[in-house]
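Please read the structure below before turning to the comments.
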Amino acid sequence: MDKLVIEGGRRLEGTVKISGAKNACLPILAATLLSDERSVIKNVPALRDMSTMLKILKNLGVRVQQDGSTITVEPAGYKKYVAPYELVSTMRASVCVLGPLIGKQKKAEVSFPGGCIIGPRPIDLHMKGLKALGVDIKVERGYIVADAKNLKGSNVYLGGHFGSSVLATGNTMMAAVLAKGTTVIENAACEPEVVDLTNFLIKMGARIEGVATHRLVIEGVKKLHGAEHSVISDRIEAGTYILAAAITKGDITLEGVALEHIVALTDKLAEAGLEVKKAHDGIRARYARKLRPMDVTTLPYPGFPTDMQAQFMSLMAVTDGISVITEKIYPERFIHISELARMGADILLEGASAIVKGVKGLSGAPVMASDLRASAALVLAGLVAKGRTDVHRIYHLDRGYEDIEKKLLKLGAKVWREKEK
Ligand code: EPU
């Protein structure tokens, strides 16, 4: 296992290229299962989660070829419909093959995805959406077992206790595109990753209206063809580098990223005093004055993303004054607080809100990464801390941040990877 070592205290500056979006790419790769024809997916980031998804596709009998960031999927003639525990248990997002298998094979067996460190992650909305389409679906032997011979369009409201669901919307939509008749999904998630998936499905010949809204109208078709698609850039990776500029008092230009996808973050940071501007083919984030503390609440898109909450907390931990960070998507997603405290942060958890009292500085320490975004938060803290920070268990980071140490190194950080002893 590897760890990341950071000697903190350097100002980051320069240009960084943002990779393709992990959370758009995973369901898009799954969607290639809806056709018999070849699809070509570009701008695929080199991440552990992507390897897991490719293993799942291969395990289903699909041929997959990789050439740098381009992946060619040849599903012709695949007959299997099982996504086994050994693969699904390593990545919760594997559940997004459920919709495509139901649409194409009219049956599926997908290992039930477990909970994870960011709190309970139920799949009732996935089940609700698919049941509404006439799918007979139950949990047996730890698997979601679906029989979809009567797959037909229907109306379904996909709102839960915490609002809309990204992957439940994706799964329901991917089953509906090959269902008989019309499906209306109310309270559909409209995160940019869902929009990217919808655009890919349309390229495959799906008939979907209401793209990027909370109401998707899907007219089922008999067959989809293969398509070529370049995945959108990763707004969460982008946001993390913007925060790296803020926390190190730096000046970073991000290439290949859509400002409109991260307005909730950049608006907050601008209010805090960071200069964030559209630059040629991207965004420039520059520390120009002392930052002010900011309260944020995570919400479904276009609200402040839960996937930026931990990283934002690292910035507030060293911003003079008090900020309150409230989590409305995953109320238990606060494991990073105790690790930030090891570095000298002063943070109190009150229910689903963290009260952050900005301290003058952090000091480097050995810390343990608990999930992907918490790991990114610890890296940000390490960049500003005095001395050496060892971020253990960085396999989490490798799930979602392509070439993180190379990118940080290029921006002037002193960072390297070491094997754990
Ligand atoms: N929810 C339910 N029932 C369901 C599904 C979700 O109650 O059947 C709840 C969840 O517990 C949560 C809320 O709905 O409170 C939103 O969850 P959502 O279903 O949208 O999450 P997801 O689709 O499983 C994706 C991302 C997550 C990101 C969330 C929220 C992928 C592969 N994952 O998960 O990304 O946090 O949307 O935006 O797209 C990450 O990248 O680190 C990550 C965790």
Side-chain angles (χ1 to χ4, degrees), residues 19-31 45 47-50 52-53 56 88 90-99 112-132 137 139 144 156-174 187-197 214 231-232 234-240 261-262 264-265 298-311 327-333 335-336 352 369-377 396-402:
S19 301
K22 164 179 93 75
N23 290 349
C25 212
L26 291 171
I28 286 173
L29 284 170
L47 298 172
R48 211 159 61 95
D49 275 8
M50 239 38 76
T52 306
M53 180 52 81
I56 291 176
V88 176
T90 64
M91 181 181 75
R92 209 188 167 281
S94 318
V95 74
C96 64
V97 297
L98 185 60
F112 196 96
C116 71
I117 195 86
I118 66 178
R121 296 184 72 180
I123 58 156
D124 56 310
L125 293 173
H126 299 243
M127 306 281 260
K128 182 179 179 188
L130 295 167
K131 274 186 188 160
I137 193 162
V139 179
I144 306 162
V156 60
Y157 177 81
L158 278 191
H161 193 57
F162 297 100
S164 54
S165 160
V166 171
L167 290 179
T169 301
N171 263 332
T172 308
M173 176 164 62
M174 289 191 276
N187 205 355
C190 57
E191 269 70 3
E193 295 77 16
V194 179
V195 176
D196 206 31
L197 169 65
H214 289 298
V231 174
I232 55 167
D234 196 313
R235 65 192 166 107
I236 306 300
E237 188 197 19
T240 305
H261 290 166
I262 47 171
L265 173 71
T298 64
L299 289 169
Y301 189 81
F304 191 94
T306 173
D307 291 343
M308 293 291 343
Q309 180 258 110
Q311 304 92 310
E327 180 56 69
K328 289 256 170 116
I329 307 290
Y330 297 114
E332 295 175 23
R333 195 178 201 174
I335 306 282
H336 42 281
S370 54
D371 81 287
L372 173 54
R373 309 304 170 188
S375 314
H396 290 295
L397 267 182
D398 294 335
R399 287 189 37 224
Y401 288 89
E402 187 176 41

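Every number for a ligand or one of its atoms is a count from 1 in the order of the listing. Side chains are part of it too, since the values below use all heavy atoms of this structure and drop only hydrogens, waters and symmetry mates. Along the sequence shown, residues carry numbers from 1.
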Q: Go through the steps to decide whether E191 and H261 satisfy the test side-chain hydrogen bond (donor to acceptor under 3.5 Å, both in side chains), and finish with yes or no.
A: CA-CA 9 Å; E191 269 70 3; H261 290 166; over 6 Å; no
Q: Give yes or no for whether the N/O distance cutoff of 3.5 Å, strictly under, is met between T306 and ligand 1.
A: no
Q. Which ligand 1 atoms are under 4.0 Å away from a heavy-atom of A93?
A. 32 (C)
Q. Have Q309 and T298 got a donor and an acceptor in their side chains that come within less than 3.5 Å?
A. no
(Q) Would I118 count as being in polar contact with ligand 1, using the rule that some N or O on each side must be under 3.5 angstrom apart? (A) no
Q) Roughly how far, to the nearest 0.5 Å, is NZ of K328 from CZ of F304? A) 14.5 Å
Q) Does an N or O from L26, backbone or side chain, lie closer than 3.5 Å to an N or O of ligand 1? A) no
Q: To the nearest 0.5 Å, tell me how far S375 OG sits from I335 CD1.
A: 11.5 Å
Q: Just jot down the ligand 1 atoms closer than 4.0 angstrom to any heavy atom of L372, in number order.
A: 42 (O)
Q | Nearest-neighbour protein heavy atom for atom 23 (O) of ligand 1, which is reported as residue plus atom name and distance | A | L167 N, 2.8 Å
Q) Would a 4.5 Å heavy-atom cut-off, applied to side chains only, mark C25 and P45 as touching? A) yes
Q. Say you draw a straight line from OH of Y330 to CD1 of I118; how long is it, rounded to the nearest 0.5 Å?
A. 4.5 Å
Q: Indicate yes or no: does an N/O atom of Y330 lie under 3.5 Å from an N/O atom of ligand 1?
A: yes
**Q.** L158 vs S164 side-chain heavy atoms within contact, under 4.5 Å
**A.** no
**Q.** Backbone of R48 reached by a side-chain donor or acceptor of D398 within 3.5 Å
**A.** no
Q. Is it the side chain, the backbone, both or neither of I329 that has a heavy atom closer than 4.0 Å to ligand 1?
A. both
Q) In the protein, which heavy atom is nearest to atom 42 (O) of ligand 1, and how far is it? A) R373 NE, 2.9 Å
Q.
Quick check: do I262 and P305 have side-chain heavy atoms less than 4.5 Å from each other?
A. no
Q: Among all protein heavy atoms, pick the one closest to atom 22 (P) of ligand 1 and tell me residue, atom and distance.
A: R121 NH2, 3.8 Å
Q) Evaluating non-hydrogen atoms only, which member of Q309, R92, R333 is closest to atom 44 (C) of ligand 1? A) R333
Q: Output all residues satisfying salt bridge (charged side-chain N to carboxylate O under 4.0 Å, His left out) with E193, sequence neighbours left out; order by chain, then residue number.
A: R235
Q.
Give me the residue, atom name and distance of the protein heavy atom closest to atom 28 (C) of ligand 1.
A. D307 OD2, 3.3 Å
Q. With sequence neighbours excluded, what pairs up with R333 under the salt bridge (charged side-chain N to carboxylate O under 4.0 Å, His left out) test?
A. D307, D371
Q. Is H396 reaching over with its side chain to a backbone N or O of S370, donor-acceptor style, under 3.5 angstrom?
A. yes
(Q) Just to be sure I read this right, does ligand 1 sit under 4.0 Å from the backbone of S164, its side chain, both, or neither, counting only heavy atoms? (A) backbone
Q.
Within the 4.0 Å heavy-atom shell around I123, which atoms of ligand 1 are there?
A. 4 (C), 8 (O)
Q) Nearest to atom 5 (C) of ligand 1 by heavy atom, C25, P122, A168: which? A) P122
Q | Nearest neighbour of atom 32 (C) of ligand 1 from the list N23, V166, L125, on a heavy-atom basis | A | N23
Q) So how far is it from I28 CD1 to D196 CG, rounded to the nearest 0.5 Å? A) 4.0 Å
Q) Where does K22 meet ligand 1, judged by heavy-atom distances below 4.0 Å: at the side chain, the backbone, both, or neither? A) side chain
Q: For F162, counting its heavy atoms only, list the atoms of ligand 1 lying under 4.0 Å from any of them.
A: 13 (C), 15 (O)
Q. For atom 3 (N) of ligand 1, which protein heavy atom lies nearest, and how many Å away is it?
A. D124 OD1, 2.7 Å
Q: Please identify which atoms of ligand 1 are closer than 4.0 Å to at least one heavy atom of H126.
A: 8 (O)
Q: Could you check atom 19 (O) of ligand 1 against the protein and tell me its nearest heavy-atom contact, residue, atom and distance included?
A: S165 OG, 2.5 Å
